[in-house]
Enquirer: 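Structure incoming, see below.
All ligand and atom numbering here is 1-based and tracks the order in the structure.
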Amino acid sequence: MHVQVMDHPLIQHKVTLMRKKETGSKDFRNLLEEITMLMGYEITRDLPLEDVEIETPVAKMIGKQISGKKLGIVPVLRAGLGMVQGMLNLIPTAKVGHIGLYRDPQTLEPVEYYCKLPDVEDRDFIIVDPMLATGGSASAAITLLKEKGIENIKLMCLVAAPQGVQKVNADHPDVRIYVAALDDKLNDQGYIVPGLGDAGDRIFGTK
Ligand code: PRP
Ligand code: URA
């Protein structure tokens, strides 16, 4: 199983707060944004840099700036929306695409209902979705991006089940997966155990 678990103490602490059933939508959203920033900081560690000549009030110097391809952030609707602002706080110039997928409650298969992506030329993409359960939604989202010609894709989730990681590994071995927590299993309804419940409902206060 290929997955990077980002278990910084701050991330672990905040994930525990999110899991608690008594945590309300406002705190849940704030925590998700904070964790996204902490994870995004690590995920962007390999961004290439180039030298740039600048002038401080005191002297000229060679500084560093990010070079290479631009970034695209793609939340999987709805719950992925909760991770967009955290990424934009770090990379304000990133463009944001949207992929609408919901899980059919009976079959657990992903159903696509929306896809709007920015210019894909010369852009690397990070797909964000808090939950990686069966892996059906993430795998379908990656396939959609690949069909548009996008090659360099990372997947960033909050909580994953082993089954979801295995499915994405099998369908898309080139895609690196980053999670804050790798949980035990799925229950009969396809929910991650222990998980944190329905992420979309908890973010938006629906039922
Ligand atoms: C959730 C979650 C993922 C998907 C994960 O979305 O945000 O997209 O389930 O499950 P999977 O790995 O088994 O595909 P959901 O279908 O509940 O839609 P929502 O975000 O609109 O609530
Ligand atoms: N989607 C969720 O929101 N939670 C789960 O546990 C599984 C899929």
Enquirer: Pick one: which of M156, E33, M37 meets side-chain contact (heavy atoms from CB on, under 4.5 Å) with M83?
Expert: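 Among M156, E33, M37, the one that satisfies the side-chain contact (heavy atoms from CB on, under 4.5 Å) with M83 is M156.
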Enquirer: Taking side chain as C-beta onward, heavy atoms only, is L77 less than 4.5 Å from I99?
Expert: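 No, every pair of side-chain atoms sits at 4.5 Å or beyond.
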Enquirer: Is the shortest distance from a Lys or Arg side-chain nitrogen in D171 or K146 to a carboxylate oxygen in the other one below 4.0 Å?
Expert: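 No, no charged N to carboxylate O under 4.0 Å.
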Enquirer: Does a donor on one side chain and an acceptor on the other come within less than 3.5 Å for Q65 and D51?
Expert: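 Result is no, nothing qualifies.
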Enquirer: When you check the gap from the basic side-chain N to the acidic O, do R202 and D198 get nearer than 4.0 Å?
Expert: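 Between D198 and R202 there is no salt bridge, as every charged N stays at least 4.0 Å from the carboxylate O atoms.
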Enquirer: Does the pair R19/D183 count as a salt bridge with the N-to-O cut at 4.0 Å?
Expert: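 D183 and R19: salt-bridged.
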Enquirer: Does one side chain, of N89 or Q85, offer a donor that lies under 3.5 Å from an acceptor on the other?
Expert: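 There is such a pair between these side chains.
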Enquirer: If you look at each N/O of ligand 1, which protein N/O atoms lie under 3.5 Å away, and at what distance?
Expert:
from: ligand 1; atom 1: 7 (O); to: D129; atom 2: OD1; distance (Å): 2.8
from: ligand 1; atom 1: 8 (O); to: D129; atom 2: OD2; distance (Å): 2.5
from: ligand 1; atom 1: 12 (O); to: A133; atom 2: N; distance (Å): 2.9
from: ligand 1; atom 1: 12 (O); to: T134; atom 2: N; distance (Å): 3.1
from: ligand 1; atom 1: 12 (O); to: G135; atom 2: N; distance (Å): 2.8
from: ligand 1; atom 1: 13 (O); to: R103; atom 2: NH1; distance (Å): 2.7
from: ligand 1; atom 1: 13 (O); to: T134; atom 2: N; distance (Å): 2.9
from: ligand 1; atom 1: 13 (O); to: T134; atom 2: OG1; distance (Å): 2.5
from: ligand 1; atom 1: 14 (O); to: S137; atom 2: N; distance (Å): 2.9
from: ligand 1; atom 1: 14 (O); to: S137; atom 2: OG; distance (Å): 2.6
from: ligand 1; atom 1: 16 (O); to: R103; atom 2: N; distance (Å): 2.9
from: ligand 1; atom 1: 20 (O); to: R78; atom 2: N; distance (Å): 3.0
from: ligand 1; atom 1: 20 (O); to: A79; atom 2: N; distance (Å): 3.0
from: ligand 1; atom 1: 21 (O); to: R78; atom 2: N; distance (Å): 3.2
from: ligand 1; atom 1: 21 (O); to: R78; atom 2: NE; distance (Å): 3.1
from: ligand 1; atom 1: 22 (O); to: R78; atom 2: NE; distance (Å): 3.4
from: ligand 1; atom 1: 22 (O); to: R78; atom 2: NH2; distance (Å): 2.9

Enquirer: Inspect the contact between E55 and K60 and indicate whether a charged nitrogen and a carboxylate oxygen are less than 4.0 angstrom apart.
Expert: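 Salt bridge: no.
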Enquirer: Do R103 and T134 meet the criterion of a side-chain donor-acceptor pair at a distance under 3.5 Å?
Expert: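 Note: R103 and T134 side chains miss the donor-acceptor criterion.
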Enquirer: Strictly under 4.0 angstrom, heavy-atom based: which residues surround ligand 2?
Expert: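 These residues qualify: R103, M131, A133, G190, Y191, I192, G197, D198, A199.
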